[in-house]
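Below, chains carry the letters A, B, ... as their sequence lines are ordered, and counting in each starts from 1.
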Amino acid sequence: MFWQEEIETIDSKNLEKLQLERLQKTVRCVYENVPFYRDKFKDKSLKPDDIKTLQDIRKLPFTTRDDLRLNYPYGLLAVPKNGGVVRLHTSSGTTGKPKAIFFSKNDVNQSAELIARCLVMTGVKSDDILQNMMTYGLFTGALVMHYGAEKVGILVIPAGPGNTERQIALMQDFSSTCLHLTPSYALYLSEVMESKGIMPKRDLSLRRAYLGAEPYSEETRKKLEQMLGIDIYNSYGLSEMNGPGVAFECINKDGMHIWEDNFIVEILDQETGEPVTEGQQGELVLTTLCREGMPFLRYRTKDIAKIIPGKCRCGRTHKRISRILGRVDDMFIVRGVNIFPQQIERVLMSIKGVAQNYQIHLEAYDKMLVKVEIEQDFFDGNIEHLLILKSKITEKLKSEILITPKVELLEPSTLPMSEGKTQRVIDRRTL
Amino acid sequence: MSGIREISVFAENKPGKIEKITGVLANEGINILAISIASTNGFGIIKFIVDKMELAYQKLKEKGFTVSLNEVLAIEMKDMPGQIHEIARVLLRNEINMENAYVFIEESRKQAYFIVQVKDIERAKRLLEKENLKLYDEVKEEK
């Protein structure tokens, strides 16, 4: 089943022709409308007309997370902010300022089209009901999926995350057939169901779930599929590329088709910036081909993946990427939220009484523990002062990273001080 | 009138912590007169009154413990029923809030001390001067 069969099964010759046309259009658009890109072109003595083939993409400048930060909030817009864009999403960054992503009317529509392709690709029909358990709000995850499912024409339950008992009640009352959620929440949900004696196969109407926004393993997929008695499909997206729907698994569950009529995919050696041989892993670098509000050239996602060679049995010709194998930087994700150790560090170092050393422990599915050494001189024998310090750290971290970590106070110099790179994040999650 | 000092040691809730701290004191021949342990979810504070305060403080610090030396009130009382209640009434009347408290009893069992940590020790001393309570000076300071 296809949503847009012609484009989903386009042959390589026509795909390349379409990509080149769109790339040239995008390049002209940013050159004319975005001073940031015009300056970069000037630095390289590059003109839009120099892009004559798809291979010429390698002449184009990269766009990085820092570029988004430096041009926050409106600097990378290619259309007027009044009248040109209709929606804002953000994604957290390393230094406090989030990344702002704007959608034009067509961008909203186009991202919904891609989701529609993804859903239909996994077998969604008009009798399906999607319970959307991602966070509605600034995060792209929920809204983009929501619009895409509406485009397919199925009922969407905008449940948002949390309140697991109500989630289960919704599934029972409205016979939800599809779920969209993070892997950590899926694990939690299946545990709650088990403890309440709910057997999904017997008591619910679930058919499939879409998992995204956090890395997880193939073993976890198998386990969840068994526990919930459903098919689970991987979803890849990032706010900078409009959120979910960038790449998605078809029923064969063997890699995620990345919509090449909308994105040019490069897998580059993270050190040299040169392409790796096909099938090797490297940093995923994406260029938008259809975006109006904020077109990006060669955006460095920092996600590590590889291309899965060969044709897919489903008939779609769009390349498949592997699940995300890692990150170039030390960002980690908890409950769908991107967190950088530097954010934690900045907060800790701004609080009096906190010593230099700290550690972040990630446990169970989504538990975060921050171990903090106190300063020798801060200790005055008063337990209340320590409790106040502890809650101050918790509060300040919460307002920075939006989730509430557990904080543990330690004596000075109890954490290992290693030579060179100190291990700040200890990830023991079983995702 | 003056208070006395207590030693506080910060301790994560980990097995063996008190064993280590008391080991340091035992090695130095320091006698513990009173001990109080307060623990919360995750960490605790161990408080001592010992016969050689300065020495204990120095030695614990040398061994890398997080230590603090603080002045507290030592209110004299008889080792008999109703004494703490009597003191508590006086403190209440004077609106002195106890942050932490414990008792140490003299060897003779004639005299005991109610050790009280308060926010404003000078104010507490001033107020208690007017009451019929005796505050004790440094306990047999070392030599």
Requested in this report: Heavy-atom distances under 4.5 Å only: say whether B:Phe10 touches chain A with side chain, backbone, both or neither.
Outcome: both

Report summary line: For B:Ile84, the side chain to side chain contact (heavy atoms under 4.5 Å, CB included) test, sequence neighbours excluded, returns B:Met77, B:Val103, B:Phe114

Listing, residues 133-142 of chain A side-chain donor-acceptor contacts under 3.5 Å, not counting sequence neighbours, or none:
unit_1	atom_1	unit_2	atom_2	d
A:Tyr136	OH	A:Asn132	ND2	3.1
A:Tyr136	OH	A:His146	ND1	2.7
A:Thr140	OG1	A:Ser239	OG	3.4

Candidate polar pairs, chain A side and chain B side, donor-acceptor under 3.5 Å:
unit_1	atom_1	unit_2	atom_2	d
A:Asp380	O	B:Ser68	OG	3.3
A:Asp380	O	B:Asn70	ND2	3.0
A:Gly381	O	B:Lys47	NZ	2.7
A:Asn382	ND2	B:Glu99	OE1	3.2
A:Lys390	NZ	B:Asn41	O	3.0
A:Glu411	N	B:Glu12	OE2	2.9
A:Glu411	OE2	B:Lys17	NZ	2.3

**Report entry** Heavy-atom check, side chain of A:Ile339 versus side chain of A:Ile403, under 4.5 Å
**Finding:** yes

Report summary line: Shortest non-hydrogen pair, B:Val50 vs B:Ile7, comes out as CG2-CD1, 4.4 Å

Report task. Report yes if some heavy atom in the side chain of A:Leu409 is under 4.5 Å from a heavy atom in the side chain of A:Ile393; otherwise report no. Result -> yes

**Report entry** Qualifying residues under side chain to side chain contact (heavy atoms under 4.5 Å, CB included), relative to A:Lys196, sequence neighbours excluded
**Finding:** A:Glu165, A:Val192, A:Ile198

Report summary line: Honestly, the part of A:Ile374 sitting under 4.5 Å from a heavy atom of chain B is side chain

**Report entry** Residue pair A:Thr220 / A:Leu187, side-chain heavy-atom distance below 4.5 Å
**Finding:** yes

